[in-house]
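Bear in mind that the values here come from a model prediction, so they are computed numbers and not experimental data.
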Amino acid sequence: MSAAVPHEERPPEAVDWVPVCALASLAREAGVPALVRGEAVAIFRTHDDQVHALSNIDPVTGASVLSRGIIGTRGDEVFVASPLHKEHYALRDGRCLDDPTLGAAAYDVRLVGGEVQVGGRRPECTL
């Protein structure tokens, strides 16, 4: 029997990718919610067609709302502002830019033939 390999040590082709939607169906500078392996995930498309995936759960309230947040930038960091308390979460890794004790889980995401696919949850960010 082989030992399980932690996600962060698996090559990208070993990740189980879940098709979510077509890139063309996502509005630029907006997010949409998706249920991926039973988890609420927010998929975001930026103005330059980059796609990011974070947990849709607001870390402060536990409400499933991050996909409704406003996308913006702070310096070079692209973020989503929670629609409830306005904390800013980096789309790259889920770090809260306002409170180092908060963070949203980030997921691997890729585009294949115009289709958005979500992989596994990334390891927790170390702040």
For residues [X] and [Y], report the shortest heavy-atom separation together with the two atoms involved.
X: Asp58; Y: Thr61; answer: OD1-N, 2.9 Å
X: Asn56; Y: Ser64; answer: ND2-OG, 2.8 Å
X: Pro83; Y: Lys86; answer: O-NZ, 2.9 Å
X: Arg45; Y: Ala24; answer: NH1-CA, 4.2 Å
X: Gln117; Y: Trp17; answer: OE1-CB, 3.5 Å

Would a distance-only check, ignoring hydrogens and angles, find a side-chain to backbone donor-acceptor pair under 3.5 Å from Thr73 to Glu77?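 Pair absent, no side-chain N/O of Thr73 close to backbone of Glu77.
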
Nearest 0.5 angstrom please: [X] [atom1] to [Y] [atom2], how far?
X: Leu54; Y: Arg121; atom1: CG; atom2: CZ; answer: 10.5 Å
X: Arg28; Y: Thr46; atom1: CZ; atom2: OG1; answer: 9.0 Å
X: Ser67; Y: Ile57; atom1: OG; atom2: CD1; answer: 9.5 Å
X: Tyr89; Y: Leu66; atom1: OH; atom2: CG; answer: 6.5 Å

NZ/NE/NH1/NH2 to OD/OE distance under 4.0 Å, Asp98 and Arg74: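 Yes, charged N to carboxylate O under 4.0 Å.
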
If you link ILVMFWY side chains whenever their heavy atoms are less than 4.5 Å apart, which other residues fall into the same cluster as Val36? By chain and number, please.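 Noted: Val36 shares its cluster with Val18, Val20, Leu23, Leu26, Val32, Val41, Ile43, Val51, Tyr107, Val109, Leu111, Val116, Val118.
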
Please give the remaining members of the hydrophobic cluster of Leu84, linking ILVMFWY side chains under 4.5 Å, ordered by chain and number.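 Members besides Leu84, by chain and number: Val65.
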
Strictly by ring-ring contact (aromatic ring centres under 6.0 Å, His included), give each pair with a member in residues 46-84 just once, sequence neighbours left out.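 Those involving residues 46-84 are Phe79-His88.
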
Show the numbers, then the answer: is there a salt bridge (charged side-chain N to carboxylate O under 4.0 Å, His left out) between Asp93 and Arg122? CA-CA 8 Å; Asp93 58 13; Arg122 293 185 190 154; over 6 Å; no

Test item: Asp99 and Glu87 side chains (from C-beta on) under 4.5 Å apart, heavy atoms: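 No. Closest side-chain heavy atoms not under 4.5 Å.
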
Answer yes if Ile70 and Leu97 sit in the same cluster of Ile, Leu, Val, Met, Phe, Trp and Tyr residues linked by side chain heavy atoms under 4.5 Å apart, and no otherwise.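 They do not share one cluster, since no chain of ILVMFWY contacts under 4.5 Å joins Ile70 to Leu97.
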
